[in-house]
Amino acid sequence: MNFGLFCFNISIANIIELIVVDLKRLQVQARDGPSDPNALAKWRILNRLHDRNETMYYKVLIANIEEYAPVVYTPTVGLVCQNYSGLFRRPRGMYFSAEDRGEMMSMVYNWPAEQVDMIVVTDGSRVLGLGDLGVHGIGIAIGKLDLYVAAAGINPQRVLPVMIDVGTNNGKLLKDPLYLGLQQHRLDGDDYVAVVDEFMEAVFTRWPNVIVQFEDFQSKWAFKLLQRYRNTYRMFNDDVQGTAGVAIAGLLGAVRAQGRPMIDFPKQKIVVAGAGSAGIGVLNAARKTMARMLGNNEIAYESAKSQFWVVDAKGLITEGRENIDPDALPFARNLKEMDRQGLREGASLVEVVKQVKPDVLLGLSAVGGLFSKEVLEALKDSTSTRPAIFAMSNPTKNAECTPEVAFSILGDNIIFASGSPFRDVDLGNGRIGHCNQGNNMYLFPGIGLGTLLSGSRVISDGMLQAAAERLAAYMSDDEVIQGIIFPSISRIRDITQEVAAAVIKEAVEEDLAEGHNGMDARELRKLSQVN
Ligand SMILES: NC(=O)c1ccc[n+]([C@@H]2O[C@H](COP(=O)([O-])OP(=O)(O)OC[C@H]3O[C@@H](n4cnc5c(N)ncnc54)[C@H](O)[C@@H]3O)[C@@H](O)[C@H]2O)c1
Ligand SMILES: O=C(O)C[C@H](O)C(=O)O
Ligand SMILES: [Mg+2]
């Protein structure tokens, strides 16, 4: 039977067949590992509420942020993106596709809101640790903006999730009859950049004061687009810069948890597993922070890099690496020096941990279980009085290790943080193994809010550093000594306003602040002197 009115040439039987396919798929995939089998059901209920009554939705989310952030955000949002075509009920946000080239300047006026403060844009090319999910990555942009509303109090009528649909290289999606996007391989090179350029020009023409957060772009474009736009537009890349700030805060917290002053940070030996957008972002920021503590000159900057050992899919990165990624080159270790340490190009993670005996083992590899029993056993010989394990990959099943495994092998005198939430570990005899959530959610809402209220035309390195330092100083000495280096998510509004204030203050000090909503830079300067 044809639906004459709608000119569909699809039969009832086809529709039923597709629904059955989708239902069976959802039953199979509706679990994110051992975490919460009902996660998707909870997401659907919240999503329906969001569609029906936005005020009520945010009231429920804000009042229950500890319970529902893991549903609207990491880890469940990853599952949502993997099942998006079956969960889709109504569009939320705007889709700019490769087929819209030349039309975006007019398209952008289709959005009903006269003012937009925050845009989160993704091209779905690296969704959490789940890889290329194409247009189904829109779920990430929606989830991030939920936190802008819940944590920073941004007006939900002034946020805009955006998908840049340039195709997908995900073979399953290319064949999926339910896929919602362009079923073609990803655009690349100059053609790809031209699409993103046109999008950026369109949104900043319509909303000159908007802030654009780039999210979950594959690493090769994450860095290139950040450098291309950051001095022209109010934008930042959360995976590169937000993660860097959170990791710096965690690393400084780990130093404090050893009962040492933060100024000892440059003496830390740090092994990083993962040299993508997140890993390189963290390494660059950590090196700059060490250099600042060592005198903030060229010699300090040069010597700081010797504190880092970087392992990627091909093992330890040294000067002997062929076709080395230019972004990783600054951290390639000297071959002679590695030889003296009993290491070589491509050495395995466990070999590196055995020889280096690091203070910190940090994972941004997207490889679940990478910190194996063997790796963690090797960490027992760490020269640190309290080694730190940061299993920062998302979602849950991609965490390099769980807190249970880490505490069971290394005992209770460690610091543990993960990108997705885990429960604290009961160590017996009343002792608790604290599991921190080392996630960029502690910074991006405050970075956006502070930039918005300051009226700064760009988001400077100084503003991002101020955000990270504020987060690093947020926890009390007592909390840090107990192993709590990040706040509970129940304090997300408080830390967000602290971070925003630090960002505003820095924007004023750098003379970047132009004010917002009638409060000009002079009034802001007075405010910053008050804080
Ligand atoms: N906690 C947070 O706030 C946060 C922020 C950003 C990204 N992340 C997570 O970090 C992970 C990586 O993100 P990305 O954008 O850098 O991804 P990416 O794909 O660009 O980089 C992954 C890196 O891991 C390396 N790798 C792969 N297999 C490895 C192995 N067996 N051993 C060591 N290294 C290996 C790759 O070579 C690459 O360098 C994702 O899971 C993402 O969700 C977490
Ligand atoms: O989305 C998150 O939870 C953090 C981060 O942006 C990521 O890509 O993993
Ligand atoms: Mg991300």
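Computed from a predicted model, the values in this text were never measured in an experiment. We count ligands from 1, going down the list as the structure has it; atoms in each ligand are counted the same way. Just the heavy atoms: all of them, side chains too, but no hydrogens, waters or symmetry mates, feed the values below.
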When you measure from atom 10 (O) of ligand 1 to every protein heavy atom, which one gives the shortest distance, and what is it?
L364 CD2, 3.5 Å

re atom 20 (O) of ligand 1, the protein heavy-atom contact at minimum distance is S219 OG, 2.3 Å

Under 4.0 Å, heavy atoms only, figure out whether ligand 2 is touched by the backbone of N440, its side chain, both or neither.
side chain

Over 60° means perpendicular and under 30° means parallel, so classify the ring planes of Y58 and H50, tilted if in between.
perpendicular

Counting only heavy atoms closer than 4.0 Å, does ligand 2 sit against the backbone of D239, its side chain, both, or neither?
side chain

Determine the interplanar angle of the H136 and Y84 rings, folded into 0 to 90°, and report it as parallel if under 30°, tilted if 30 to 60°, perpendicular if over 60°.
tilted

I need the contact type for N439 against ligand 2. Using non-hydrogen atoms and a strict under-4.0 Å cut-off, is it side chain, backbone, both or neither?
side chain

Between the candidates V246, V272, L349, N440, which shows the shortest non-hydrogen contact distance to atom 3 (O) of ligand 1?
N440

Filtering V282, L443, L128, V127 for the heavy atom nearest atom 40 (C) of ligand 1 leaves L128

G419 versus ligand 1: do any nitrogen or oxygen atoms come within less than 3.5 Å of each other?
no

Nearest-neighbour protein heavy atom for atom 11 (C) of ligand 1, which is reported as residue plus atom name and distance
S393 OG, 3.6 Å

Ligand 1 versus V367, non-hydrogen atoms closer than 4.0 Å: side chain, backbone, both, neither?
side chain

Please state which part of T243 comes within less than 4.0 Å of ligand 1, counting heavy atoms only: side chain, backbone, both or neither.
side chain

Atom 38 (C) of ligand 1: of A273, A275, G281, the nearest heavy atom sits on A275

Using a heavy-atom cut-off of under 4.0 Å, does the side chain or the backbone of M441 touch ligand 2, or both, or neither?
neither

Should one rank G315, S420, P395, S277 by closest heavy-atom distance to atom 15 (O) of ligand 1, which comes out on top?
S277

Hey, is R126 touching ligand 2 through its side chain, its backbone, both or neither, going by heavy atoms under 4.0 Å?
side chain

Which residue owns the protein heavy atom closest to atom 36 (C) of ligand 1, what's the atom, and how far is it?
A313 N, 4.1 Å

Heavy-atom contacts under 4.0 Å between L370 and ligand 1: side chain, backbone, both, or neither?
side chain

Taking both backbone and side-chain atoms into account, decide whether D238 has an N/O/S atom under 2.8 Å from the Mg ion (ligand 3).
no

heavy-atom search around atom 42 (C) of ligand 1 in the protein gives R126 NH1, 3.7 Å

Between ligand 2 and E215, can you find any atom pair, the residue atom being a heavy atom, that is separated by under 4.0 Å?
yes

May I ask you to check whether F486 and Y474 place their ring centers less than 6.0 Å from one another?
no

